[in-house]
Structures are given as C-alpha cells and as structure tokens.
Amino acid sequence: MKPVSLIQFLIEERRAGHINAELSLLIEVVARACKRIGVATGKGALGGVLGMAGTDNVQGEAQKKLDVISNEILLEANAWGGHLAACASEEMEDPQQIPDGYPKGQHLLLFDPLDGSSNIDVNVSVGTIFSVLRCPDGVTEPKAEHFLQPGTTQLAAGYVVYGPATVLVLTFGHGTHEFTLDREVGSFILSRRGIRIPEQTAEFAINMSNQRHWQAPMQRYVGELLAGRTGPRGKDFNMRWVASMVADVHRIVTRGGVFYYPLDAKILDKGGKLRLMYEANPMAFIIEQAGGAATTGRERIMELQPTGLHQRVPVFLGSKQEVELATHYHREADGAVS
Ligand code: AFP
C-alpha cells in the first residue's frame, strides 16, 4: 500500500469533516516544530544544549536547556500562521498572545514542550504533548480563564516521542493514529490507523518509591498486583517506569498497560504531580480514543472543570478494565460506591 503522509491524512480528515483548514494548518505547524525539536534533542551533547539553563558552555556562551529551546521553537513556529488566538505552555506562567500585526485564528494551543526533560542528559526518550481548544467567541486577547475548558471540549490532542524513532500520535476525536518520522524524507508517515488498547493487561507503570506516601486504596490495588498469581488477582504483573510520561504512554498505546501517578501525602497540597491542561487532558483524549480509560482515580479526567492553567491532577490511564478497577477501589474507599 502507498504510504500516507501526515499532510495527506489531514486532507482526508478535512474531507471527512473532522477538522477545518485552520486546525489542519495548526497540526502541520506543530508537527514541523516537533521535527526541529527532534533534531535539537538528537544532537545530544554535540548540540551544546544539555545541562541547566543559566550555565555557560566551554566557549563561555550561555547554554539553554532543551525545554527552553523547545518552548521557543513551538512559540516561534506558531506565531505566524494565523491559526491561533494564543498559546499556553508549561514553561510560561501566563498565555502568550499572538504578536500585534500578525493574523489571528480561532484556536488555543497548550503544550508541554519537552516532557521528561530530566531524562535528556541520560539519553532516554522525551516528548512534546499538546492540546487544542477553540477560543471562545468574541475573545480577541485570550487570558488564562479562556483556556479553562474541560478536556471533553478538546478539538485535537497529540504527542511526539523523541526516541529511537520520532513518532507522532494524534487524535481529533475520531480514533487515535500514529505517524513515524521518515528522517531521510523529513515527513511523518501514517504507521498505525485506529489504534486499539487492549482492555486487559498484565503490565503497570508507577513510581514505586512513592509507595509509603500513597493513600489506602492505591496501597490495596498495587499490593494486589504485586501479589501476582497467588494473590486475589490470580495472575503475575510486570512493571515498567521510564519517568517520561510520553514514553510510558507510548508503550501503553503500543502494547497496552496502565500508567498511574496517584495522589500521595508528599503532593497532597498540589493536587497531584502531572498538569491537567497540557499533560493529563491530551493524554486522556488520546487514550480514550484508543478504547482506554483515563481518570484521576475518582473521576473521568476529561470531565474535570479546570481551575488553573497549571493545575495538577492525579492520573490513572490505559487499559480500561485495570483503570476501572483502580478507580473503583478509590471510589469505594470514599463511600461513593458500595
Ligand atoms: P520532567 O519533565 O521534570 O522530567 O518530569 C516528567 C514527569 O512530569 C512525567 O513525564 C513523568 O511521568 C513524571 O514526571 C515522573 O515523575 P517521577 O520522577 O516522580 O517518577
């Protein structure tokens, strides 16, 4: 079969009425920016971009952390196209407006430019996560409050994993699709259409070093997984933890599994570790569109009414039956179900 490029796929999606021309352009621009981020991360130590921002390289020039560079790449790429009303990023306290004199569009873009950035220096996969919302009608200078829309209103969500291969996973609410970057040609090529995550799994991802801080239902649930074949679950479970959410989620999108970043005593006052608007919501959209589930352990992530641009939430996502069981244990402990 003839390979389908991202551009051809976007044309198909427009013809099917799933997206308009402006959203198609937005995705093209984000994908192009991510190719540049992939090139920057791929240079490793040779790019002079590893280490902490605020340090100097051997020539005495200021070094920029790759997450700062990735943020700048995405901002710069998106300022011009006329497809955005504003963007918001993990790297910036407030939304970034489109500069005066540039054309504006109807969309709001949120992103985590380089998730898992603490893994860069050790050459482990990192990624970009993004979410697209519609700018409320009549708003010309969107502020944080205009971004505070539930995940169910997302028009698009995606991530790019910069690993052995650079891979884009995308949804417009009509299935989840994967594109692999052909590095010689410079194009993202459709590699999996309509991804389905198996409902059951025997693989879970969690940072076990936080175990003593977890709440009782999480202790119970993971305790049962660890008990394996002789425990109440009657089967052995395997564990993985990359500590780059994009890489952990991509494994789940590829072979199933579950990912948990629960609330624990250390992060109780923050509400969780991961950010709702540009980590949890887009990942939840991608996972649900692939037949999986995504909750906070208590509620569906995409139904949360956001209260802040950088709000944090607990995240349970992946194979449906496992996420439902872990969520059931929490709701049962809360007295919400019997
Ligand atoms: P960094 O971008 O600071 O590396 O954080 C990545 C992350 O938010 C997410 O990608 C991982 O799942 C999670 O942190 C790992 O957190 P722990 O280090 O607490 O396991």
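Counting starts at 1 for both ligands and their atoms, in listed order.
Scanning the protein heavy atoms around atom 19 (O) of ligand 1, the nearest turns out to be Y261 OH, 2.5 Å. Nearest non-hydrogen protein atom to atom 11 (C) of ligand 1 is A243 O, 3.5 Å.
Taking distance alone, with nitrogen or oxygen atoms compared against 3.5 Å, S118 approaches ligand 1 more closely than that limit. When only interatomic distances are considered, the shortest N/O to N/O separation between G116 and ligand 1 falls below 3.5 Å. Looking at N207 next to ligand 1, an N or O pair under 3.5 Å apart turns up. Considering backbone and side-chain atoms alike, D115 places an N or O below 3.5 Å from some N or O of ligand 1. Here's the thing with L274: none of its N/O atoms is less than 3.5 angstrom from an N/O atom of ligand 1.
Side-chain N/O atoms of Y221 and H330 include no donor and acceptor closer than 3.5 Å. Between the side chains of N119 and S244, at least one donor N or O sits under 3.5 Å from an acceptor N or O.
Among R312, M245, M208, K273, the residue whose heavy atom lies closest to atom 13 (C) of ligand 1 is K273.
A ring-centre distance under 6.0 Å is found for H174 and H18. For F9 and F179, the ring centers are positioned less than 6.0 Å apart.
Connection of L225 to L325 is established within a shared hydrophobic cluster, with ILVMFWY side chains joined at heavy-atom distances below 4.5 Å, either directly or through further cluster members.
Of the candidates R300, R196, K320, E288 forms a salt bridge (Lys or Arg N to Asp or Glu O under 4.0 Å) with just one, namely R300.
Contacts of S117 with ligand 1, taken as heavy-atom pairs under 4.0 Å, involve both backbone and side chain. The side chain of F259, and not its backbone, has at least one atom closer than 4.0 Å to an atom of ligand 1 (non-hydrogen atoms only; side chain from C-beta on).
Listed by number with element, the atoms of ligand 1 under 4.0 angstrom from any heavy atom of S244 are 10 (O).
Taking 4.5 Å as the limit, every side-chain heavy atom of T166 sits out of range of all side-chain heavy atoms of V161. Residues V242 and R251 have side chains in contact (heavy-atom distance under 4.5 Å, counting atoms from C-beta outward).
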